[in-house]
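Take a look at the structure below.
Just so you know, ligand 1 is whichever comes first in the structure, and atom 1 is the first atom listed for that ligand. Any value given below was found using the heavy atoms of this structure, including those in side chains, with hydrogens, waters and symmetry copies removed.
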Amino acid sequence: MVVTLVRLGAMADYDLLVLGSGPGGQKAAIAAAKLGASVALIERRNMIGGVCIQTGTIPSKTLREAVMYLTGMSQRDLYGQSYRVKEDITIADLTARTSHVVGREVDVIRSQLSRNGVALLPGMGRFLDPHTVQVTDGSGQERKVTAEKIVIATGTRPARPDTVDFDGQTIIDSDSILGLERIPRTMIVVGAGVIGIEYASMFAALGTKVTVIEQRMRMLDFCDTEVVEALKYQLRDLAVTFRFGETVTAVQRYARGTVTTLESGKKIPADTVMYSAGRQGMTDELGLEAAGLAADARGRIKVDSSFRTEVAHIYAVGDVIGFPALAATSMEQGRLAAHHACGEPVHEMHKLQPIGIYTIPEISYIGRTEDELTEQRVPFEVGVSRYRELARGQIIGDSYGVLKLLVSPEDRSLLGVHVFGTNATELVHIGQAVMGCGGTVDYLVDTVFNYPTLAESYKVAALDATNKMRQISMLTE
Ligand SMILES: Cc1cc2nc3c(=O)[nH]c(=O)nc-3n(C[C@H](O)[C@H](O)[C@H](O)COP(=O)(O)OP(=O)(O)OC[C@H]3O[C@@H](n4cnc5c(N)ncnc54)[C@H](O)[C@@H]3O)c2cc1C
């Protein structure tokens, strides 16, 4: 590809200025630098890597890994239900791993930015006009920076209801959960979204008695219904109680814990209450009006398909633009926005995007669900493979895992791939590659997979689907 960038900002300090160093901002900055632009990135000193590295994706996934290892969860099918690697797991056991990984990741990001010549400006940015941003560092020192193009990648923070008195230990959110001083014996999770359920499953695996309270009657309703049922079954087995269709009206803190009152009149005691009630865009202190921009009530900024805001030289990417609000998609949005800003031709964001949910066990899928296909009147056949019928499933002791292919009987293409169990978030990418390249179920039938692997589940499920499709054609011939 030929780099078409000409220097954008003869009069400005930088060609491109990025606000926020999360996945969106990082990838925008590096992509623009690789295209030859002079780039600066503004971020608070203690937030390099953004929510992704400091408080969100990476700490939570590292915590999950520590929980899986120390509790011996993944080995209990083989060594018995009382199997543990460590009997008395402490918060220090968990946070040691998290701090190690976060520290390493921050080093990697700093080094990538510096190798690519991206200037890191410590502080918080605020627009003074559409091309000028004031940077205020931790000690209150201010400087003005001008740029020809600007990318806003300031992300989100947990939404905190005004009526709830968060104290970081007994009433917490997904930020303060990382600062807990001890593992609670009992915990209420308010909100059964992805973050709430991921933490509910980690604490349940640690032995905490978790109650999940959700206003709606279902959870994770964008996922395959059977997969969500299987997850609920596994979590109930870990002593998780679900209260669907319930609204929290009050949370009271006492010397020895909390009492949560529900609209239905129930009162639930718990050592800790974790709120996971959505996220708010970090735009209130950005001075957007000085740039000619505005955010919606949830702090989100509107963009077009090129990630351009209503002000032509200002782009926005990542969680601050809303759905799907994943590190995975934010990175790609950042890269694409940088190409658009630098006038470099680039493909549009791929329509096919995976969803990965790191519950215990994990969930991942690509494409459509059975419910969506049924609603859209698209016929499909289902091919299923259960890990317990795979040699690798037996070896690793995963008896609950399942991979499901949804196949079009008309053109034999894959319409969806749904995985539940060990390595689901990795396995899904085989299906994604086949779907993305326009492959059919026959490719999976004809392919030789390493043995024994979990990847082999694709072949087993493909054979299941094609055998069912053959039965129909035999009957109707
Ligand atoms: C608990 C949790 C678990 C998650 N797990 C996953 C997962 O498993 N997989 C996944 O793909 N996604 C996951 N996510 C989502 C993921 O973390 C976000 O989608 C991703 O971090 C968003 O990236 P971003 O580029 O929008 O910026 P963010 O990572 O949100 O970072 C924004 C940065 O901008 C900075 N900033 C804000 N205002 C200013 C300003 N005025 N000036 C300068 N800088 C500013 C902030 O300090 C922050 O560092 C998780 C999120 C949470 C909370």
Side-chain angles (χ1 to χ4, degrees), residues 17-29 40-65 98 105-106 109 120-127 133-138 145 150-159 172-178 189 191 193-200 202 274-288 291 295 299-301 307 315-335 337 353-359 362-364 425:
L17 181 63
V18 180
L19 288 103
S21 69
Q26 260 168 62
K27 300 299 172 195
L41 188 154
I42 307 172
E43 178 61 271
R44 286 175 281 180
R45 238 176 247 288
N46 61 351
M47 277 301 286
I48 301 292
V51 165
C52 174
I53 302 294
Q54 300 287 346
T55 54
T57 315
I58 298 305
S60 64
K61 265 75 265 183
T62 312
L63 202 68
R64 181 186 187 277
E65 211 59 40
T98 310
E105 282 287 283
V106 169
I109 294 165
L120 192 52
L121 311 179
M124 287 290 272
R126 183 180 179 85
F127 283 99
V133 173
Q134 176 169 287
V135 187
T136 310
D137 72 12
V145 189
I150 296 176
V151 176
I152 302 172
T154 51
T156 55
R157 60 168 183 269
I172 59 174
D173 58 24
S174 66
D175 279 1
S176 40
I177 203 164
L178 301 164
V189 174
V194 173
I195 295 173
I197 288 295
E198 285 186 355
Y199 275 118
M202 282 184 241
M274 181 201 168
Y275 259 82
S276 181
R279 299 186 63 89
Q280 181 74 20
M282 287 276 283
T283 45
D284 38 359
E285 290 173 24
L286 259 184
L288 284 179
R300 291 172 305 201
I301 299 174
F307 305 102
Y315 295 76
V317 298
D319 285 12
V320 79
I321 65 168
F323 184 82
L326 291 168
T329 42
S330 302
M331 291 181 203
E332 184 60 359
Q333 292 170 354
R335 188 182 73 85
Q353 288 171 19
I355 296 289
I357 303 176
Y358 293 83
T359 38
E362 64 193 58
I363 294 174
S364 197
T425 52

The answer for which part of Lys61 has a heavy atom under 4.0 Å from ligand 1 is side chain
Ligand-residue contact atoms, ligand 1 with Arg279, heavy atoms, under 4.0 Å
53 (C)
Can you tell which of Leu178, Leu41, Thr154 gets a heavy atom nearest to atom 45 (C) of ligand 1?
Thr154
For Ser60, atoms of ligand 1 separated by under 4.0 Å from a heavy atom
3 (C)
Where Ala316 and Ile301 come nearest, the two heavy atoms and their spacing
CB-CG2, 4.1 Å
Which of the numbered atoms in ligand 1 are under 4.0 angstrom from any heavy atom belonging to Gly318?
26 (O)
Which one of Asp175, Asp284, Asp319, Asp173 satisfies the side-chain hydrogen bond (donor to acceptor under 3.5 Å, both in side chains) criterion with Arg157?
Asp284
Pull out every atom of ligand 1 sitting under 4.0 Å from any heavy atom of Met282, numbered as shown with elements.
37 (C), 38 (N)
Proximal atoms of ligand 1 relative to Ala325 (non-hydrogen, under 4.0 Å):
15 (C), 19 (O)
Heavy-atom distances under 4.0 Å are what count here, so tell me which part of Thr329 touches ligand 1: side chain, backbone, both or neither.
neither
Indicate, as side chain, backbone, both or neither, the part of Ile195 found under 4.0 angstrom from ligand 1 when only non-hydrogen atoms are considered.
side chain
For Glu198, all residues meeting salt bridge (Lys or Arg N to Asp or Glu O under 4.0 Å), sequence neighbours excluded
Lys61
Between ligand 1 and Glu285, can you find any atom pair, the residue atom being a heavy atom, that is separated by under 4.0 Å?
no
Starting from atom 24 (P) of ligand 1, locate the nearest protein heavy atom and write down its residue, its atom name and how far away it is, to 0.1 Å.
Pro23 CD, 3.9 Å
Which of the numbered atoms in ligand 1 are under 4.0 angstrom from any heavy atom belonging to Gly24?
25 (O)
Atoms of ligand 1 close to Arg44 [distance to a heavy atom under 4.0 angstrom, numbered from 1]:
46 (C), 47 (O)
Of the side chain and backbone of Cys52, name the one, both, or neither that has a heavy atom under 4.0 Å from an atom of ligand 1.
both
For ligand 1, which atoms have a heavy atom of Gly125 less than 4.0 angstrom away?
40 (C), 41 (N), 42 (N), 43 (C)
Using side-chain contact (heavy atoms from CB on, under 4.5 Å) as the criterion, point out the one residue from Leu288, Leu17, Val317 that pairs with Ile152.
Leu288
